[in-house]
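Note that the numbering runs from 1 along the sequence shown for the chain. In listed order, ligands and their atoms are each counted from 1.
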Amino acid sequence: MGTTTHSAAGLGRVVRPGDPDWNAARATFNVLIDQRPEAIAFPADEREVAAVIAYAHGRGLRVAPQATGHNPGPLGSLEGTLILHTSALTGVSINAAARRMRVGAATKWEAVTPRLSELGLAALHGSSPDVGIVGYSLGGGIGWLARRHGMQANAVTAVELVTAEGHLVRADAAHEPDLFWALRGGGGNFGVVTAIEFEVHPVRELYAGTMFFPVERASEVLQAWTGLLPGLPEEITSWASVMHFPPLPEVPEPVRGRSFVTVMAAFLGTEADGREMLRPLRAMGPEMDSFATQPPIALAELAMDPPDPLPYRTTTALLDDLPPAAIEELTRIAGPGSALTLLQLRHMGGALARREPGAGARATLPGRIALFGLGIVPHPGAEEPVAAELTQVAAAVAPHHVGDYPNFVEEPADASAFFDPATWARLREVKALYDPHDLFRGNHHIPPAEHA
Ligand SMILES: Cc1cc2nc3c(=O)[nH]c(=O)nc-3n(C[C@H](O)[C@H](O)[C@H](O)COP(=O)(O)OP(=O)(O)OC[C@H]3O[C@@H](n4cnc5c(N)ncnc54)[C@H](O)[C@@H]3O)c2cc1C
């Protein structure tokens with residue numbers, strides 16, 4: 001594909017505006033995002049990463065690390081910015097006995113979940129196999145085992161990164177502990193991560209699947225689901241969604257072009273216990289029911305996230321409650337005939353609400369439910385109704401809004417709102433230590449502390 005420019009010694013591949021592969025290089029998962037950086041570098045090892053950082057610094061450019069482009073929106077304008085793409089920093093190794101693994105910064109979840117599953121192990125991945133492990137981990141990372149095992153950020157045991165000064169640093173509990181703390185929640189603001197190590201979990205029993213109900217029953221099903229939540233142990237993580245599947249050939253036939261309210265869950269326990277927990281929902285007579293005892297790989301695609309880039313807009317909120325009146329309003333907006341594609345509600349709490357010793361900057365997340373709404377914008381005319389309904393969704397849950405989860409925020413935002421004041425102040429101090437000139441642009445920006 002295209003040409004490759006090796007314009008300065010030791011930088012590796014660099015693509016610039018006007019190069020034949022420019023449009024491919026600047027593409028992201030959200031095709032509405034029109035990234036226009038000054039250049040895009042694809043270093044292939046730590047030495048080239050350091051050379052790219054020095055090159056950018058020398059020209060007064062800032063550096064935005066990027067892996068898969070699953071969260072480019074918050075970066076906003078890329079004027080004066082060089083994207084450092086990590087797609088050439090590959091490598092995966094699994095130490096099954098130690099339940100640890102190490103991956104290069106290019107690695108997506110899909111490269112590790114099948115191998116882990118064969119070993120009876122699961123990582124704390126999320127809904128999409130296509131998401132990059134490093135970006136997901138640095139922002140928090142909530143997936144199917146989150147209520148039992150917490151966020152992926154806190155499963156991270158070591159991070160290797162190239163700093164603003166071009167040093168390759170290994171940050172772990174014993175080395176550079178402040179940096180290690182800040183990286184686990186503070187995102188790509190401290191350097192370019194080249195590799196990451198993390199714990200994975202043995203999965204002895206897993207009962208997982210989806211119940212599909214007609215979308216007309218959305219209110220009734222969501223009420224039943226929220227009613228169940230207080231009684232569920234943290235071994236079960238469930239998500240309830242209103243889903244409007246587009247009539248596209250790549251969508252599986254039974255759901256293609258149809259709308260449903262779904263309840264998906266992953267239970268770390270026996271089928272008998274799982275069935276008992278979900279009995280009230282099953283008694284409502286789902287149209288399809290895929291729950292079964294499954295290997296961990298079943299979680300990789302349970303959520304049926306789209307595999308290919310799409311044009312879309314989103315909204316998100318962490319909620320302390322979702323009372324019946326709010327559910328009524330949400331289903332009125334997102335139910336039959338809605339312009340939205342997905343309204344997803346994830347059960348939070350459990351380990352997500354517990355601060356474990358040694359946790360990173362993203363130690364916990366507030367709220368009982370995480371809301372995520374998404375509307376596909378297939379043509380410019382669809383933008384307005386999608387935006388209007390996303391605004392209505394946000395308004396419907398505003399009285400219950402207790403925070404935001406940065407990985408789900410896809411627009412430029414004030415990152416101080418994602419942390420309590422003490423955590424935010426400490427993040428800025430660490431930033432001032434490791435990147436005093438604010439060279440690195442994480443998707444959610446943390447500026448260095450200012451000292452008089
Ligand atoms: C379809 C879809 C499903 C998702 N599902 C979930 C989910 O279930 N749970 C969840 O928690 N999140 C989920 N997310 C959100 C996802 O975790 C974030 O979008 C995350 O930032 C993606 O990381 P990335 O590297 O793939 O994306 P990118 O856009 O490439 O990177 C995002 C940010 O990560 C940082 N970063 C990436 N690589 C590096 C690096 N090598 N060094 C330093 N910084 C780096 C940078 O700050 C960068 O701006 C989902 C997103 C999408 C689009």
**Prompt:** Can you find a side-chain donor-acceptor pair between Arg354 and Thr364 that sits under 3.5 Å?
**Reply:** no
Between the protein and ligand 1, which nitrogen or oxygen pairs come in under 3.5 Å, and how far apart is each?
residue	atom	partner	partner atom	Å
ligand 1	5 (N)	Ser127	OG	2.8
ligand 1	8 (O)	Ser127	N	2.7
ligand 1	8 (O)	Ser127	OG	3.2
ligand 1	8 (O)	Ile142	O	3.4
ligand 1	8 (O)	Arg346	NH1	3.0
ligand 1	8 (O)	Arg346	NH2	3.0
ligand 1	9 (N)	Ile142	O	2.7
ligand 1	11 (O)	Ile142	N	2.8
ligand 1	11 (O)	Tyr405	OH	2.4
ligand 1	17 (O)	Asn407	ND2	3.1
ligand 1	19 (O)	His70	O	3.4
ligand 1	26 (O)	Thr68	OG1	2.5
ligand 1	26 (O)	Gly132	N	2.8
ligand 1	27 (O)	Thr68	OG1	3.4
ligand 1	27 (O)	His70	N	3.2
ligand 1	29 (O)	His70	N	3.1
ligand 1	29 (O)	Asn71	N	2.8
ligand 1	30 (O)	Ala67	N	2.7
ligand 1	30 (O)	Thr68	N	2.9
ligand 1	30 (O)	Gly69	N	2.8
ligand 1	41 (N)	Val193	O	2.9
ligand 1	42 (N)	Val193	N	2.9
ligand 1	47 (O)	Gly188	N	3.3
ligand 1	47 (O)	Asn443	N	3.1
ligand 1	47 (O)	Asn443	OD1	3.1
ligand 1	49 (O)	Asn443	N	3.2

**Ring centre gap for Tyr207 and Phe291 strictly below 6.0 Å** = yes
**Complete:** Heavy atoms of Ala396 and Leu330 approach each other most closely as CB-CD2, 4.0 Å
**Prompt:** Quick one: salt bridge (Lys or Arg N to Asp or Glu O under 4.0 Å) partners of Asp420, sequence neighbours excluded?
**Reply:** none
**Item:** Tyr434 versus Glu176, side-chain donor and acceptor atoms under 3.5 Å
**Value:** yes
**Prompt:** Does any N or O in the side chain of Ser241 come within less than 3.5 Å of the main-chain N or O of Met243, such that one atom is a donor and the other an acceptor?
**Reply:** no
